[in-house]
S.K.: 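Sending over a structure as structure tokens; questions will come in a sec.
This one's a predicted model, so the numbers in the text were calculated from it and none came from an experiment. Quick note on labels: first sequence line is chain A, next is B, and so on, each numbered from 1.
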Amino acid sequence: MAVTEMKKFTVICQASKAEALVRRLMWLSCVDIRQTESDGLDGVTLERPTELDAQITEYNRTLQKIKEAMKLLASYDTKAYREHITLKVKKKPFSPPSEIDFDEFVDSGRYEVALSKLDKILRLSKMLSDKKAEQIAIGDEYHGLLAWKGYGVPLNVRGTAYTDLTLGTLGKKANIAQINRELEKSALAEVIRVGADKHAQYVSVISHKSDTENALRILLSKGFSPSNLPSIDGTIDDAILALEERANENLENIEKIKAQIASFVGFEAQLEITHDIIMTRIVELEARKKLAIAGSVCIINGWTPVASCERVQGLLKKFDSAYELEDPSPEDDVPVLIKNNAFASAFEPVISLYSLPKYKTFDPTFIMSIFYTIIFGLMFADVGYGIILALGCFLAIKLLYPRGTMKKFFQMFAICGISCAVWGAILGGYLGDFPSTVLGIDANVAIWFDPIQDPMTFLVLSVAVGAIHMITGMIVKMVILIKQRQIFSAIFDVGSWIVVFVGIALALLNTKVGLITALTGVLMLILTQGRAQKNILMKIVKGVGSLYSITSYASDLLSYTRILALGLASAVIAKVVNIIASLGGENIVGYLLLIIVLLIGHTLNMVINLLGTFVHASRLQYIEFFGKFYEEGGTPFELVAPKSKYVLFKSKKDI
Amino acid sequence: MLQQIFSGTNIALIGVALAAILSGIGSAKGVGIVGKAASGMLAEDPSKFGQAMLLQALPGTQGIYGLVTAFLILWKAGFLGGAVSLTTGQGAFYLMVSLPIAIVGLVSAIIQGKVAAAGVNLIAKRPNELVKAIMSAALVETYAIFALLISLLPIFLVDVSAIA
């Protein structure tokens, strides 16, 4: 219901104790630590703790490693590795997050153990990829040798006393007999075919030592290329055998490493905790970067809600630090934290998507949440869809343990879902016209009216809701002005317009009374809107000119016809889905079609229209409602608190 | 001859065709625009595939709207049930009601594609801003929904047999 009142604190403590103090301030979860500026501190040169950036980078790298390891372990959590998995503490799906308290957070022993295990996992992973690369290399070599199979000379024999022996390949289509005939003429050499595959012919060349160079030159021109075979004391078959052995050994190693990695499956739970501890340590380091150090003292600046002052003070006293808690001065950029009751706080994300209110201005969350619920329900009025939405969100909250903004969104859509169901009952939407089209119940299920049959009534209803919404916004503006003691502005600038609108509304019931009321409002506007002008003529011109604003009010009001458009759209598309679904007739194929079309069609309709409804229900708040009074642009209160993705950090009241 | 070609039945079928063709072209184009932008982003960060898919699917709805309209005209005019004979006036009625979703579907899908492609660039740099990217694109979709509404309401509400 309100923007929280803040106190500014400045703390001077021993630099050696700063780390421990910031850590505990973080665990109090009620402060926003700001950058300490050096101006206003005469004669003191401030140093910033600089070594922290390197540490943050290091932590971020570790976070990356943890993600990598968790991905790796997840891929080993399969039946194939079951026998190697020793840790049987498997997390059941939908189980609540584990809780970590301050003592467990600061207990670094477990953390170190986890890190060393992490390194081991990643080392194994690295070894595994090395071994796999080796296996591929062995395979390549093996296939290279296979073509030489049958070549009986030991591979380290490269000739005799008078001859050289060269091994190599010739093109697939090279004619060896022809080449030998040519060699006979000009060189002392002979080519002998050993084998062939689809790429090349494998040959050995015997040449006289004195003529080897010449012979090879001729052969090179014929497409010969020397091969590099391992120089071992054995034949090619021995080499192939050796490679096979190496491959088998390597394969065994790979399996061993895989088994070793699999033995870490189940360790994820611990990695999750480590992950969150590191994330929280980064928050802590980021906060410490904002401190300033002057010699052996450290200066901390920040904000805390008035309600938490006592806890902060209690902590600061324990650290024997000098501190000051003061009220914000007008030039301060006070951080804004909005606080609402359980119902309205679900709608806070809608506000933060737009912009927070300025400090000490009106927080419209509660009023907005009521209108948001009503308008959302009207735009998506359907009992079926509403129940599905509400149930889905309730289940998501119960089973997925969302936190922060995500949880609020689920809560908000759950509330809106109920509203949709209520409006659906009033306007007769049950998965569109499911009862009449599919079930064949020919009765008017609407409590009030059916929007498709009677769109005019729906139009009037939309605009009427809009008028109430807008007038509420104007009343809020009036109250704000009155609180600021601008009574004239409140009554004349805003009040007269309200009189005009109430008059127009009354005219629908009783023409005479309404007209008189509206004209009174108009007269008030003409007489008062020029009051800032000195010249009497200008006063009248300004007064009459102010009536021009009626166009902007009218366009705002017309904007609410989107309630009709979106409300009808979801109902009409649902009707279409029902019609298509029931085309199949009363046989097995027909029933199958019915179920498939209903499932796909209604899901699609829900997704598309939920998106549209969310966007437009928000827009009506942002532009038509907030436009009347809202002072946006507040700096968000950035809570310094343990941050987590997997576990829950239990905050401690007394630390 | 000409009278046979432009019979009421055939004029209605032109409406059916326009609703399916134009909005289909729009969606294909729109989805294509986002797809190109998404591939650029996925080349650098394949893990954003889910988010990119979501944005890419947005301009696809106009095609569905066109299909729904086409289908409803077929159903209401009796094409699904066998022989149909519509007067010229009745045929013209179905042609007219198909126009809003055909034309707005074509244009809005392409524009929505461009906005969603810009959204892809947004999440490439700021992955947390997906909601805002979707909201921008969803605002364009509104007009396709409105056009669909105006195409469908007469199909449901007007008594076609009374048209000469």
S.K.: Please indicate whether A:K407 has more than 12 foreign heavy atoms, meaning atoms of other residues, nucleotides or ligands, lying under 6.0 Å from its NZ.
M.R.: no
S.K.: Give the interface residues of residues 122-146 of chain B toward chain A, defined by a heavy-atom separation under 4.5 Å.
M.R.: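 Residues B:V131, B:K132, B:I134, B:M135, B:A138, B:L139, B:E141, B:T142, B:I145, B:F146 are the ones that qualify, each having a heavy atom under 4.5 Å from chain A.
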S.K.: Applying side-chain contact (heavy atoms from CB on, under 4.5 Å) to A:H602 and A:Y385, what does each step give before you reach the verdict?
M.R.: CA-CA 8 Å; A:H602 284 303; A:Y385 294 156; 2.6 Å; yes
S.K.: Would you mind checking which part of B:I150 comes under 4.5 Å of any heavy atom in chain A, side chain (CB onward), backbone (N, CA, C, O), both or neither?
M.R.: neither
S.K.: Heavy-atom count check: over 12 atoms from other residues, nucleotides or ligands less than 6.0 Å from A:K643 NZ?
M.R.: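 Not more than 12 within 6.0 Å, no.
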S.K.: By a 4.5 Å heavy-atom criterion (distance strictly below it), what part of A:I608 contacts chain B: side chain, backbone, both, or neither?
M.R.: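 The side chain, not the backbone.
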S.K.: Are any non-hydrogen side-chain atoms of A:L566 and A:F380 less than 4.5 angstrom apart?
M.R.: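 The answer is no, as the side chains (C-beta and beyond) never meet within the 4.5 Å cut-off.
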S.K.: Would you list the pairs meeting salt bridge (Lys or Arg N to Asp or Glu O under 4.0 Å) in which at least one residue belongs to residues 51-68 of chain B, sequence neighbours left out?
M.R.: none
S.K.: So which atom in B:I163 and which in B:Q90 form the shortest heavy-atom distance, rounded to 0.1 Å?
M.R.: O-NE2, 3.4 Å
S.K.: How about B:L152 and A:V576: do any of their side-chain heavy atoms sit closer than 4.5 Å?
M.R.: yes
S.K.: Where does B:I155 contact chain A at under 4.5 Å (heavy atoms): side chain, backbone, both or neither?
M.R.: neither
